[in-house]
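Accompanying notes for the structure given below.
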Amino acid sequence: MSVGVQRLRDEPDRIRQGAIDKREDPALVDQAIEVDARRRRLQAESDALKAERNAASKQVGDAVRGGAAASGPEVAALKARSTAAGARIAEIDAELATTEQQLEDLLLRIPNPPDPEVPVGGEEANVTVLTWGENASRVVTEADGTTWERRPHWEIGEALDIIDNPRGAKIAGSGFPVYKGAGSRLQRSLISWFLDVHTTEHGFTEVWPPAVVNTASARGTGQIPDKEDQMYIVTRDELYLVPTAEVPVTNLHREEILEADQLPIRYCAYTPCFRREAGAAGKDTRGILRVHQFDKVEMVLFERPEASEAALEWMTGRAEILLQRLGLPYRKLLMSTGEMGFVQRKKYDLEVWAPAVERWLEVSSCSNFGDYQARRMQIRYRPEKGARPELVHTLNGSGLALPRVVAAILEQYQRPDGSVTVPAALRPYLATDRLGPAAGA
RNA sequence: GGAGCGGUGGCCGAGUGGUUGAUGGCAGCGGUCUUGAAAACCGCCGGGCGAAAGCCUCGUGAGUUCGAAUCUCACCCGCUCCGCCA
């Protein structure tokens, strides 16, 4: 129930190649085709027997109403026919059920084939589509020839008393930072500004969803079973803390049939994001680059199939605009088949330059899922009035994730004295043009 | 947490064992009429599998029966009242 049996029959080669390029097992494709054929054979057999049983049952009713004795031999014979068919049906349906389960299991393990434009390979195959802005250097040379060195964001955060990791660790655990004073206000400002730009300039509808979802929703976006290890689970109430707003917002239209004139639907939503980061122990332990709880504004699109390709470019552009207006140099990467996830068809990552740690930091990931997610969630639309429903295409992208944007700001806008200039776009929100001890943090 | 009521097609809403996949209304689509529109009238009008015949689907799952939307059991969800909390 992910790649679609119809497509499996229509273009097995493309799906097989897609699996190879994504470094998954192409043999599953052939197994699935085989199981599908068996499933259809059993289905036909079951249907024929059911037709037989239904006919016999109907005759029982007709005979009794026609005056035959309910306990007479004529009725008894009909009943026997129906019962016999019923017994066979039970056997075949049992086999059918296991076959269907097998097929579903196989389909769930076949990845969404990448878009033809996606470069084949691993990390080395990622294509830098563009770079924007001039990367600042760690060592700054002033006009008078003096030099100073940028300090990493965690030092600045501590020095300005706006990020408190140790106390976060005390009250919740490591990876749960506390933002304080101007740091807290910076969070609010970024969230508000992102949402304001998306809603007032880009036509998104703002959504404020729950920060937990139920099992069905977690399954809908593929969080379970695929990424279950990454999620915090409230077992007592069978709830999952959202790892991204994508999960609740995409599920908004789960199992719905939309009208064509509703599309495209464009949502933006802020939520805190909770991630266990299992298996990432030891990576990026300093600062706020990799944490268990962070804040993010997400864009979620529901599009007509023919529009999704252009929509990915458009949506990625909306995220880029935010970085440009913050004045943060960044690069845009077209991710290779090996780097992109199981369910994506095409994915761009946006990375900002953090000049003190001299690293590119991923702040946005924008993907087109084609109909893959929609199939799993049964999100459909009617191309024309009265036409049969078809699956929509879904897309989503960060616009943007906060911690690394904050880190980049603290490094990029740093001054020799350790204070930080507020990017012009945020000044109306922060009500100051400088973060520093003197700014009343 | 306790008590009660309820979950039927895009929506409202009939239907308590036998041509009911489901009466009726609204919405929608096509047509007649009209300069055009409205009104009126006629027709169409849930979804899935399947090449088709046909099969499945009335919250979900199991059961009773020759046969279930209709009966039984379990579960899920919603609403109302009480309690609790803000």
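Letters A, B, ... are given to chains in the order of the sequence lines, protein chains preceding strands, and every chain is numbered from 1. Just so we're clear, the structure is a prediction, and the values are computed from it rather than from any experiment.
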Consider the side chain of [X], meaning its heavy atoms from C-beta on, and name the nucleotide among [options] that approaches it most closely.
{"X": "Val60(A)", "options": "G48(B), C66(B), C49(B)", "result": "C66(B)"}
{"X": "Arg40(A)", "options": "G46(B), A51(B), C66(B)", "result": "A51(B)"}
{"X": "Pro389(A)", "options": "G48(B), C56(B), G67(B)", "result": "G48(B)"}

Short side-chain N/O contact from [X] to OP1 or OP2 of [N], under 4.0 Å:
{"X": "Arg9(A)", "N": "G50(B)", "value": "yes"}
{"X": "Arg39(A)", "N": "C49(B)", "value": "no"}
{"X": "Asn54(A)", "N": "U19(B)", "value": "no"}

If we take the [atom1] atom in both [N] and [M], what is their distance in whole Å?
{"N": "G83(B)", "M": "U70(B)", "atom1": "P", "value": "37 Å"}
{"N": "C58(B)", "M": "A68(B)", "atom1": "C1'", "value": "11 Å"}
{"N": "G10(B)", "M": "G47(B)", "atom1": "P", "value": "8 Å"}

Task: Whether over 12 other heavy atoms sit under 6.0 Å from Glu313(A) CD - done: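 Result for CD/Glu313(A): enclosed.
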- [ ] Take atom CD of Glu238(A) as the centre, draw a 6.0 Å sphere, and report whether it contains more than 12 heavy atoms from other residues, nucleotides or ligands.
- [x]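 Check fails, neighbour count at 12 or below.
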Task: NZ-OG1 distance between Lys296(A) and Thr244(A), expressed to the nearest 0.5 angstrom - done: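 If we round to the nearest 0.5 Å, Lys296(A):NZ and Thr244(A):OG1 are 2.5 Å apart.
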Which one is paired to [N], where only Watson-Crick or G-U wobble pairs with both distances under 3.5 angstrom count?
{"N": "C55(B)", "answer": "G48(B)"}
{"N": "G63(B)", "answer": "C71(B)"}
{"N": "A14(B)", "answer": "none"}
{"N": "C79(B)", "answer": "G4(B)"}

TODO: Please report, rounded to the nearest Å, how far the P atom of G48(B) is from the CG atom of Asp47(A).
DONE: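 Checked: the CG to P distance equals 16 Å.
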TODO: Whole angstrom is fine here: how far is it from NZ in Lys58(A) over to P in G21(B)?
DONE: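 Result: 10 Å.
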Task: Salt bridge flag under 4.0 Å for residues Asp36(A) and Arg9(A) - done: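 Yes, Asp36(A) and Arg9(A) are salt-bridged.
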TODO: Hey, which sits more toward the 5' end of RNA chain B by its nearest nucleotide, Ala56(A) or Gly61(A)?
DONE: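 Here Gly61(A) is the residue nearer the 5' end.
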TODO: Measure the acute angle between the ring planes of Trp314(A) and Phe204(A), then classify it against the limits of 30° and 60° as parallel, tilted or perpendicular.
DONE: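 Answer is parallel, since the angle falls under 30°.
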